[in-house]
Protein chains: 2
Amino acid sequence: MKENYDSLKLQNQLCFPLYACAKEVTKRYQPLLNEIDLTYTQYIVMMVLWEQKQINVKHLGEMLFLDSGTLTPLLKKLEVKGYITRTRNEQDERSVIISVTQKGIDLRKKAKDIPEEIGKCVNLTQEEAVTLYKILYKILDKIN
Amino acid sequence: MKENYDSLKLQNQLCFPLYACAKEVTKRYQPLLNEIDLTYTQYIVMMVLWEQKQINVKHLGEMLFLDSGTLTPLLKKLEVKGYITRTRNEQDERSVIISVTQKGIDLRKKAKDIPEEIGKCVNLTQEEAVTLYKILYKILDKIN
DNA sequence: TATAATTATATTGCATACAATTTAATTATA
DNA sequence: TATAATTAAATTGTATGCAATATAATTATA
């Protein structure tokens with residue numbers, strides 16, 4: 001009475017290549033991000049702030065799928081670097097407002113070529129990239 | 001002379017949904033894996049050992065895209081739990097051979113239903129799943 | 001309007017990840 | 001065959017991530 005464990009084989013997993021791919025791609029960012037003194041997670045935070053200028057921690061966490069245990073220390077580091085400020089919302093003292101500084105805004109110019117560099121090393125066709133994008137967001141939309 | 005920073009918008013990134021999706025899906029494993037006292041990374045290590053019974057750290061790292069800085073402490077924890085043993089290769093003392101114990105083998109029965117449970121919460125069509133799988137492995141194959 | 005419930009961050013503890021370095025063993029070569 | 005180069009793990013240091021809990025502020029309700 002032999003059981004079938006095929007579903008537990010590494011090559012039959014969908015999550016594993018997802019996990020590995022995310023790590024490998026993120027790793028490719030690091031040498032580029034080192035030049036502007038950011039980690040990948042710090043970079044996506046700055047991306048949000050380049051668009052919005054200002055956002056509270058809760059909303060930021062919802063956008064990036066990160067909780068306060070990750071964001072609080074990370075934001076303090078960005079504050080030390082001078083890229084953001086953290087101030088309590090005067091209307092609701094529970095909330096902390098993150099604002100980008102001029103130094104943070106200036107960083108965007110230096111980051112400008114990073115997406116293209118990463119695109120090169122990922123090397124998908126335009127069609128594949130669009131398909132991947134759609135499927136990933138389908139998962140993200142359903143999962144929460 | 002306004003510069004165009006569209007490529008730095010969060011919604012134009014391919015890496016971000018990849019990063020977020022990997023995290024969110026992995027998070028869904030945790031309640032299931034808690035019942036058999038494994039983390040996700042420990043789980044994929046056990047997956048390899050359920051197939052191979054024995055493998056050295058270097059080869060394991062290549063399969064899982066993990067380095068010794070991650071694997072060494074993780075494997076020591078699996079050893080403490082009694083799921084694996086770590087022994088030096090007598091032919092080459094630099095190499096450490098990881099072997100699954102009977103207790104480790106028995107764990108597979110308890111893990112059997114996990115892939116299906118995860119499949120439910122990801123909720124892709126069979127075709128989407130296959131497409132995603134292929135694109136992810138295309139990236140992984142090229143990137144290293 | 002006191003008190004309970006909820007909400008937004010912060011903190012703590014644990015488990016990755018990885019770059020960089022170290023150590024020990026093996027292999028290549030002058 | 002000594003010495004240099006290479007290789008495989010282990011170690012160190014830094015940065016996430018997240019569950020669980022704590023704290024403080026706000027809101028709901030008896």
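To find a chain, count down the sequence lines: A is the first, B the second, and so on, and within it residues start at 1.
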Enquirer: How would you give the extent of chain A contacts on DNA chain C, as first and last nucleotide 5' to 3' within a 4.0 Å heavy-atom cut-off?
Expert: C:dT7 to C:dA19

Enquirer: Can you tell me how far the CD atom of A:Gln52 sits from the CE atom of A:Met63, to the nearest 0.5 Å?
Expert: 5.0 Å

Enquirer: Would you say that more than 12 heavy atoms from the other residues, nucleotides or ligands in this model lie under 6.0 Å from the NZ of A:Lys103, or not?
Expert: yes

Enquirer: Would you please name every residue forming a ring-ring contact (aromatic ring centres under 6.0 Å, His included) with B:Tyr29, sequence neighbours left out?
Expert: B:Tyr40, B:Tyr43

Enquirer: List DNA chain C stems (3 or more consecutive Watson-Crick/G-U pairs, under 3.5 Å)?
Expert: C:1-30 with D:1-30

Enquirer: Expressed as a whole number of angstroms, how long is the span from B:Lys23:NZ to D:dA15:C1'?
Expert: 14 Å

Enquirer: In B/S/- notation, 5' to 3', how is nucleotides 6-12 of chain D contacted by protein heavy atoms closer than 4.0 Å?
Expert: -BSSBB-

Enquirer: Have B:Gln102 and B:Asp106 got a donor and an acceptor in their side chains that come within less than 3.5 Å?
Expert: yes

Enquirer: On DNA chain C, check which nucleotide each of B:Thr41 and B:Glu93 is closest to and give me the residue with the more 5' one.
Expert: B:Thr41

Enquirer: Please classify the nucleic acid contact of A:Gln91 as base, sugar-phosphate, or nothing, using heavy-atom distances under 4.0 Å.
Expert: sugar-phosphate

Enquirer: Do any side-chain atoms of residues 114-121 of chain A form donor-acceptor pairs under 3.5 angstrom with protein atoms, and if so which ones, sequence neighbours left out?
Expert:
residue, atom, partner, partner atom, Å
A:Glu117, OE2, A:Lys120, NZ, 3.0

Enquirer: Measure across A:Ile98 and A:Ile84 and return the closest heavy-atom pair with its distance rounded to 0.1 Å.
Expert: CG2-CD1, 3.8 Å

Enquirer: Could you tell me how far apart B:Lys27 (NZ) and D:dT16 (P) are, to the nearest whole angstrom?
Expert: 16 Å

Enquirer: Judged by atom type as modelled, is there a donor-acceptor pair below 3.5 Å linking the side chain of A:Thr125 to the main-chain atoms of A:Glu128?
Expert: yes

Enquirer: Going through the checks in order, is the salt bridge (charged side-chain N to carboxylate O under 4.0 Å, His left out) test met by B:Arg88 and B:Glu93?
Expert: CA-CA 6 Å; B:Arg88 289 276 162 188; B:Glu93 292 275 346; 5.2 Å; no

Enquirer: How many whole angstroms separate atom CD of A:Gln42 from atom P of D:dT14?
Expert: 14 Å

Enquirer: Can you tell me how far C1' of D:dA15 sits from CG of A:Asn34, to the nearest Å?
Expert: 12 Å

Enquirer: Which side-chain N or O atoms in residues 11-21 of chain A pair as donor and acceptor under 3.5 Å with protein atoms at least two apart or in another chain?
Expert:
residue, atom, partner, partner atom, Å
A:Asn12, ND2, A:Asp6, O, 2.8
A:Gln13, NE2, A:Ser7, O, 2.7
A:Gln13, NE2, A:Lys9, O, 2.9

Enquirer: Just checking B:Gln30: base, sugar-phosphate only, or nothing, at a heavy-atom cut-off of under 4.0 Å?
Expert: nothing

Enquirer: Pick the closest DNA chain D nucleotide for A:Ile44 and for A:Glu90 by heavy atoms, then say which residue is nearer the 5' end.
Expert: A:Ile44

Enquirer: Is there a side-chain polar atom (N or O) of B:Tyr19 under 4.0 Å from OP1 or OP2 of D:dG17?
Expert: yes

Enquirer: Do the side chains of A:Ile139 and B:Leu132 get nearer than 4.5 Å, heavy atoms only?
Expert: yes

Enquirer: Hey, what do you get for OG1 (A:Thr41) to CE (A:Met46), rounding to the nearest 0.5 Å?
Expert: 13.5 Å

Enquirer: Could you give the CZ-to-C1' distance, from B:Arg28 to D:dG17, as a whole number of Å?
Expert: 14 Å

